[in-house]
Amino acid sequence: MLVDQRYFETLHNGYGQYFDVSEVLFEQTTESWQLVIFDNPQFGRVMALDGIIQTTERDEFIYHEMLTHTPLLAHGNAKSVLIIGGGDGGMLREVVKHQNVEHITMVEIDNAVVEMCKTHLPNHSAGSYDDPRVNLVIDDGAAFVNNTKQRFDVIISDCTDPVGPGEVLFSSDFYAGCKSCLNEGGIFVAQNGVAFMQIDEVTTTKARLASYFNDTNFYCAAVPTYIGGVMTFAWACDNQELRKTPLELIEQRYQAAQLNTRYYTPAIHFASFALPRFVEQAIATTPVQQR
Ligand code: SAM
């Protein structure tokens, strides 16, 4: 919410962050959401959707590298990748770095977000939409996974928080669709909120995912502008070994892929699956939600 040259995030009741706004670059209110991009002295260009910080130029690399390279290097032979959401283009930029990936489909519900981010957040996509392997589909992600005939080795859900159009991307129906369009040994990952502030998002996702996949767990990283502690990323796969890929193998794959990263390292990949005790306990006591 913009007030006197300051943007106040309104995600949490009674707690939040603000950003000094040196310039509003874009503002659009549609029937489904209020979107704004502004310049901030600390974080560069910032995009917010309905009062929730989506991404900033300065710290987006942490989030996009961890949600891309962790599943892709754990899988080791991904040829087809699906990104759900991701309208700012940062996830796509990281996925196209993997030269062995042959097909990349990105399903984003609002083309206006894609176009606006190409203009005002050009370093996020950094030309990745022009990669010949990329197929951009403007659709609801849940509808897409439940209707597509395509199959994928890795699915990355890079959506907004579970409110409004993003809510369906935390539903059992969506997870069922993802399971049905994953190849054998495929991996599903998703942004799953900041556990200290949104532990319900973790337990709800665990309960729902566990009825479709043999191995459902979480990994984490601290992203400064996703306030309140480490962000958790949901992990789901039927091959329980992939989450425990040995550090030496991750290192070999990282070197072979010749990735240029600023946060992700094989050691951080391996360590990111170590969760705070309160998160482990919340997950351990979550019953599987029956289909
Ligand atoms: N990194 C951000 C975060 O962690 O909150 C999210 C990045 S991106 C801005 C989120 C994208 O999800 C937006 O572009 C939004 O349009 C898209 N989105 C929301 N609901 C969707 C749906 N049901 N299907 C496809 N895309 C959706």
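This one's a predicted model, so the numbers in the text were calculated from it and none came from an experiment. Read the numbers this way: they start at 1 and go in the same order the structure lists the ligands and their atoms. Numbering of residues begins at 1 and proceeds along the displayed sequence.
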Kindly indicate whether the side chain of T160, heavy atoms from C-beta on, has any atom under 4.5 Å from the side chain of D50. no

Which salt bridge (Lys or Arg N to Asp or Glu O under 4.0 Å) pairs, counting each pair once, include a residue from residues 80-103, with sequence neighbours left out? E60-R93, E94-K97

Which parts of the protein, at residue level, reach under 4.0 Å of ligand 1 through a heavy atom? W33, M47, Q54, Y63, G85, G86, G87, D88, V107, E108, I109, V113, D139, D140, G141, D158, C159, T160, P165, G166, V168, L169, Q191, Y226

Does the separation of the ring centres of Y175 and F188 fall below 6.0 angstrom? yes

Residue list, side-chain hydrogen bond (donor to acceptor under 3.5 Å, both in side chains) with D173, at least two apart or on another chain: N146

Please collect all ring pair (Phe, Tyr, Trp, His ring centres under 6.0 Å) contacts where either partner lies in residues 67-91, sequence neighbours excluded, each pair once. H69-H98, H69-Y264

Please check: side-chain N/O of N192 versus main-chain N/O of T232, any donor-acceptor pairing under 3.5 Å? no

